[in-house]
Structures are given as structure tokens and as C-alpha cells.
Amino acid sequence: MDKYNTLTQEIIDEIKAVSNHVFLGDAISPDYERDEMPIYGTHKPDLVVQARSTKEVSDVMKICYEHTIPVTARGAGTGLAGGCVPMQGGVVMDISQMNHILNYDLENFVVNVEAGVLLKELQEDCITKGLMYPPDPGEKYACLGGNVATNAGGMRAVKYGTTRDYVRAMTVVLANGEITHFGATVSKTSSGYSLLNLMIGSEGTLGIITELTLKIIPAPKATASLIVPFTDLQTALSAVPKFKMAHMNPQAIEFMESDIVKMTENFINKTVFPKEYRGQDIRSYLLITLDGGSQEDLDQQIDQASRLCFENHAMEVFIAETPTQISNAWAARSAFYEAITDEIKLLDECDVVIPINHIVDFLTFVNKIGKDLGLDITCYGHAGDGNIHIYQCSNEMSEEEFMAKNEQFFDVIYAKAVEYGGEVSGEHGIGSSKMKYLENSIGKTNIDLMEGIKRVFDPKMILNPGKVCHRL
Amino acid sequence: MNICVCIKQVPDTNRIKIDPVTNTLVRKGVPSIINPFDTYAVEMAANLKERFGGTVIVMSMGPEQALGALRVCLSVGADEAYLISDRAFGGSDTLATGYIIAGAIRHIEKLEGIKFDVIMCGKQAVDGDTAQVGPQVAEQLGLPQVTYAADIEGSASNVIVRREVDGGFDLTKVQLPTVITVVSSKQMPRYATYATRSDAKKKTIHVLNSAAMPEIDTAQCGLNGSPTRVVRTYTPVVVKNGVTVEGESAEEIADNLIGMLDAKMLL
């Protein structure tokens, strides 16, 4: 087990000498103790630095390295796997104040940002320039540094890929405080190990990302969303692979069942989706977004997608094509998580990813296990890429009973996911919450390789201890 | 029941930013949308048509760009669409706009050979926020007006408008023909289906200019016909003078707040 030192007044004074943005004791907001899933444990940091520059991060890291003080990097704290919780106390390095969009390079189609810029801010800024930053995780108020640290995916991954596909280069502060740069503003590379790609998805365990060079693309000229109702989920999901077979490339294909749509509409106090069609109850929906280089291109895609939906037993195809209609169509989908957490006292979630031909069987299995254990199960997700969000909920159980049932549930469904060739997390990351399941999934050999890599980057194991592959 | 719905294409005000130096709107990259309240007016008209039969005609005054907005309305319940477009109409204030729209409505009635029972507008456009054009159209046409309509109850011969007012609703009975301005509601307007969208794409949108409507006096249109003058546009200074009331518990915070208000003799 790695041993850490506690902060002494001398070390605090050293940190204060290099940073004017230090918080201690009661001045530390309770927000720093947790992410959005406090169920995985909370812990108060001993000191928080709200860094404003790479140099400031570097200066503080040098001190922490010298004294073997654990350091946990944090952005907006919107994670769902306990990734930014300082389980060993020590220092939280908050980069959310490093929030400037630095410059665009429109010859190479990249933008340089500080890691604390919010996803929402970059997306909106790009739109005003006729550009698009394609990764579109549900949480728009997350920091881009956090998106990169978890390789966040989101709604558009089916066409455009995940955050990883849009990181060209980054500035990183290493555990010993050294500042280095990974990657370059180029489209291809065959230049040794990809340290850039090691950093992506490393959840603050290998280094602290302070600046990013992100790939952007020209914004599509025309966009529309199709709301496609079905009598049952199986029929809805069976339609999904047909899009690829028809050479169609939707930006997003989400699936959702009527129960969660109703719950969310109640939460946002808006009626967004039709609930019945010609006297028949709608049980599930596909929400599909298409984009094109011109209105004619989009019209042709709408025609083709609609015909394909009807051939696969869609009850109707509703089309949202004005900006207001599209944002309304996505309003419920975007609020699912908030709606669930608003109504449910005890919940846990996972974001397992399954080969898409097994989604239906897997969900049938998940619902049965949930029922056997007395857990209420709510699922939705990215039908186009097999990433499913499963929520285990209870308003009746005691916390102890819930935690016990929940663990049984995870053990069984993750084992099933592995059996189907799936992965533990599609986009939320491992944090402290999914380490056991990661090891079960990828095996000891691979976990040891990961831990070995961490030890090379971080010999004193001070960066975000107890996360991903680092067993305390 | 024959209904004319007046719509306006506006910049998406949720996306608009003000240039802090020039005090003008930054419109680049800001999409145009159908004024949100107008979409609820189209929905209400489509509902009334389903209940009472008749025709829904949608019209908009604006540049050719508004054709797309009209076509969307055709896909969600409107039967015909008219674009009122002429350089002479550009720059009209609400008085001139009300005059032109009223004239165009009379002209459309002649062309279609019908009389409108209801003229509908959104309660206001989100770009100008005046809420004046609907009432001005009613005045120009000499019709009664019912503003802030959330729903229509009763029957075709006994129209009762459920009006949104502070703290509740009131029910107003109105004789037809009338002008009704519409608020938003919890039920979002319907989406086009594949079939209604395809049908809408095949329809012709009628375009009327001032030459086609000689009864409209162009001297009363555009900048010349508009008595409104914008003297200055500016961003109001945001004054942040809030006070944080602190305390150990909710009760203590409430007590402290009462104490502060009491000290200022506000209670």
C-alpha cells in the first residue's frame, strides 16, 4: 500500500507561496467532497487550489510530489463514478477557473482551450462561428478537461465518435510538476507510443490536463430529429442496425421507454412526445437526429429514414426540423438523469456498453434480475452505439438493503455484459465505483499493465489515489 | 370555423448576445425560428379545425426567408400559406405592421372567397416584445380582441376563451369574428408527421406584394408610415447589490432576514 503524508503548516505555507487561490478548513465548499454520485463515498480535501494557470498547477504539484501529498484533479464535479472525490484527502486541484477559449485555428480546424472551459460554452461558441465541436455528452456543464479525462461519449458518438476522436494535443502537468505536451495539430501520427491517448480516459491518475487542442468541424447546414414511436422496445431496437445496412449515418439514435418519458415530462412540466397513436399505446421510442450538408441532402435522408422506420414497424414518424422543435424533442431526453434523481431516494447507475445486436437480450436479462431483487429498473441509452444507461432505483428499501441488492445486481449484470463481449463503462469512467467490475472484465494481467503504466507516470502514486486501476 | 394565423420569423432570442461595444445584436450564427407563441397559435387553430371543421390559413409579413417558416406551419395543420413581402413594408413599426396585416387579411378573404371567424396571433413576438400587433390588427379590422388565450372552450357558435391572467384564468365569451392572441402551454405544439411534411412540401405558398394589394396605402407602410422613432438602444447596466443572508440553520437565516427587513422598516 502506498503511504501518503498529511499536510503540515509548513507545506501549506509553501503552497500558499506559489498560489493565491488556496482554500482551507471551513472555507472549502462541501461540493469538493463529492461528485454527482455521493453513494460511492465522499471525502473532504485538506486543501483546495483553484488554479488559474498551468504554471500554478505545476508549482503546487512540485511541492506535493516532494512531500508525497495526494492530489485529485477536479473540473465541474459532474462525474458519475466518484472520479474526482479525494478519497485520501490531500489537495484538490480545481481547474474550473481555467476557463478561457484561447484561439481558433481555422486552417487546421482546431481550437485551443483551457481545460476548465465548459462543454456548453465551447459548443455554443463554435455555433456562432459556423463550426461544431461534435462530442455531445448529456451533461453540458461538465468541463472539457473532465470530458477528456473520462473519454466522454454522448449522443452524437454514433456518427462522430467520442471525445478521444477530437483531442489533437494537450498540455499536462506530471506528478512531479514537470509541464509537458502530448500530441500535435496533425491528423495522423506514427510516432511512438501515443501518450496523448493514454491520458484520454485516465481520470486524473496519470497527470493533470491544463490545456487542450481540440478538433472541430464545419457545422452541418441542416439538421432534423425524428421521433419514432413503437409498440415495444424490441421492435424499436430491431430497427437500429438497418440504418447502417442502408448506408445511413445518423448523428444520434437514442432509445427510450414510455415510462421514463412520462416521468421526465412531469419533471420538466412539458408534454413533449405523443403517448398514443390512433388509440394504441406507445411503449418505446427511437429519437434519431440526421444532419446534412444542404437542405436537399437532409430531405433525402428524412425520406430514406422514414421509409426505413415504417418498413420496420414504426407506428408513425414525427419530424422536428425547426431549432425550437429539435430542442423540444431533446428536452425530455436531456433531463432524464435529473428527473430520475428528483423522484428516487436511493439509486445507482451504470453505463455498460454492449454489442448492439445483444441490446434486446441484455435488457430483458437486466429487467428480470432487477425484478428478482426487488429493484426498480429504468433504462435508456444510445441505441446506435450500444451504450446503455441502467438505473437501479428504490424508494422503499433501507440504504443497507439497497446497497446489498445493488451489489448483487452489478455482479450479475456485469458478468452478463462480459459474456456478450461488452465493456464496463461506455462514457462515465471507472472512478472508485467500478474498479472491481473493471478487473473482473479485463482480468488481472491487464489491470497490472494499467497499474504499471500509472507507476511510470506517477512513481509516488499521488495522483487521484484509489481510482481506475490503483488499489489502495 | 375559418381561421387566419399570423406568424413572425424571429431570431432565436435564447441564442442572441449583445455586442457590449456597439450595443447591437450579434446575429451571426443565430438561427431564425418561428416566434414561439405563434407556434401555439398555429396549434390552437389546428385543434379548432379538428373540432369544428373549416380552413386554417397562415400568413407572415417578412422577407423570402420566412417561406421556410410558413412551410413548417403547412406541415402541422395549416391548409394554405401567404407571405406578405415588399420592400415598401420593411422598417414598419407596430402601427404600420398592424395596418398592413389587416389589409392583407381582407385581401386574402377576397382571394379565398371566405370570411375569417378568428384571426390568431402569438401574444407577442420575442424579438420586439411589444404585444401590440395583435391588438392593432383587431383595431384596424374593427373586431373585438381577446388577449392571452390559453384555450378555447364552448362551441363554434358560443366561443369561450380561457385567458391566462395573474394567479389564474378567466373565461371570456366573445362574438365572432374576433382576434385572439395566444400564450404558450404545457402541451407542446404537434410535430409534423412524414405524411403531413411531404404534403406540405408540395403546396404552393402564395406571395403578395404591395402591387398585388392596391387597397394598402404604401404611404402608411414602412419607415414613412411609422411614427415610432428609436432614439437610442442600450444594454441596461446590471446592478448586483444582493445581500447574502447567513446563519447556522434555516430558522436562523429566516430570523436574520426578518431582522434586516425590520431594520430597514420594510415590515
Side-chain angles (χ1 to χ4, degrees), chain A residues 120-121 123-132 218-219 221-229 265-266 268-275 277-278 285 287 295-296 298-300 302-310 314-332, chain B residues 7-19 25-40 42-43 47 60 65-77 122 125-126 184-202 246 248:
Chain A
K120 182 182 167 66
E121 283 170 5
Q123 284 184 333
E124 289 181 353
D125 200 57
C126 281
I127 287 171
T128 65
K129 295 173 167 57
L131 301 166
M132 179 160 87
K221 291 272 190 241
T223 309
S225 286
L226 310 185
I227 301 153
V228 191
E265 289 186 344
N266 197 30
I268 62 173
N269 200 26
K270 284 267 180 201
T271 308
V272 181
F273 283 10
K275 304 297 173 313
Y277 184 70
R278 295 185 175 161
Y285 307 85
L287 178 56
Q295 187 59 47
E296 293 70 35
L298 179 68
D299 283 345
Q300 189 263 332
I302 291 174
D303 278 354
Q304 193 185 355
S306 301
R307 281 200 301 274
L308 200 147
C309 289
F310 286 125
M315 299 164 83
E316 181 54 278
V317 175
F318 297 102
I319 300 165
E321 59 183 322
T322 67
T324 316
Q325 287 175 332
I326 294 170
S327 109
N328 287 347
W330 283 88
Chain B
I7 69 153
K8 183 181 184 187
Q9 199 174 39
V10 295
D12 187 347
T13 47
N14 289 326
R15 299 262 193 94
I16 276 198
K17 291 180 180 151
I18 309 263
D19 186 317
L25 298 180
V26 181
R27 288 201 177 215
K28 187 163 168 36
V30 178
S32 293
I33 60 170
I34 304 171
N35 178 41
F37 296 112
D38 300 350
T39 66
Y40 289 94
V42 173
E43 176 62 29
N47 264 321
S60 185
Q65 196 198 3
L67 286 170
L70 288 166
R71 199 166 298 284
V72 169
C73 296
L74 287 172
S75 72
V76 290
V126 294
S184 58
S185 83
K186 190 180 155 184
Q187 173 71 48
M188 289 196 181
R190 71 191 64 188
Y191 297 100
T193 66
Y194 178 63
T196 61
R197 184 179 187 272
S198 302
D199 290 347
K201 284 211 165 284
K202 291 176 203 145
E246 292 179 338
E248 289 294 310

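Lettering of chains follows the sequences in order, A, B, ..., and the numbering in each one begins at 1. As a basis for the values below, the full set of heavy atoms in this structure was taken, side chains included, without hydrogen atoms, waters or symmetry mates.
- For chain B, the option among Pro274(A), Cys309(A), Ser306(A), Ser327(A) with the highest count of heavy-atom pairs below 4.5 Å is Ser306(A).
- Lys201(B) contributes atom NZ, which lies 6.5 Å from atom CZ of Arg71(B) (distance to the nearest 0.5 angstrom).
- Contacts of Gln9(B) classified as side chain to side chain contact (heavy atoms under 4.5 Å, CB included), with partners at least two apart in sequence or in another chain: Ser32(B), Gln65(B), Ala66(B), Ala69(B).
- Here Thr324(A) pairs with Thr322(A), Asn328(A), Ile33(B) under the side chain to side chain contact (heavy atoms under 4.5 Å, CB included) rule; sequence neighbours left out.
- Using modelled atom types, one side-chain atom of Lys275(A) and one backbone atom of Phe273(A) make a donor-acceptor pair closer than 3.5 Å.
- In this structure, the side chain of Asn35(B) does not engage the main chain of Val10(B) through any donor-acceptor pair within 3.5 Å.
- Ranked by heavy-atom pairs under 4.5 Å with chain B, the first of Ile268(A), Asp303(A), Ile227(A) is Asp303(A).
- Within the 4.5 angstrom heavy-atom criterion, atoms from both the backbone and the side chain of Ala329(A) approach chain B.
- The side chain to side chain contact (heavy atoms under 4.5 Å, CB included) search around Glu121(A) returns Val117(A), Leu118(A), not counting sequence neighbours.
- Proximity to chain B (any heavy atom under 4.5 Å) is shown, for Glu265(A), by neither the backbone nor the side chain.
- The contact between Gln325(A) and chain B is made by backbone and side chain atoms together, counting heavy-atom distances below 4.5 Å.
- With Glu316(A) contributing its side chain and Pro229(A) its backbone, the two residues share no donor-acceptor pair below 3.5 Å.
- From Asn266(A), atom CG reaches atom OG1 of Thr271(A) across 9.5 Å, with rounding to the nearest 0.5 Å.
- Within residues 191-198 of chain B, the residues having any heavy atom under 4.5 Å from a heavy atom of chain A are, by residue number, Tyr191(B), Ala192(B), Thr193(B), Tyr194(B), Arg197(B).
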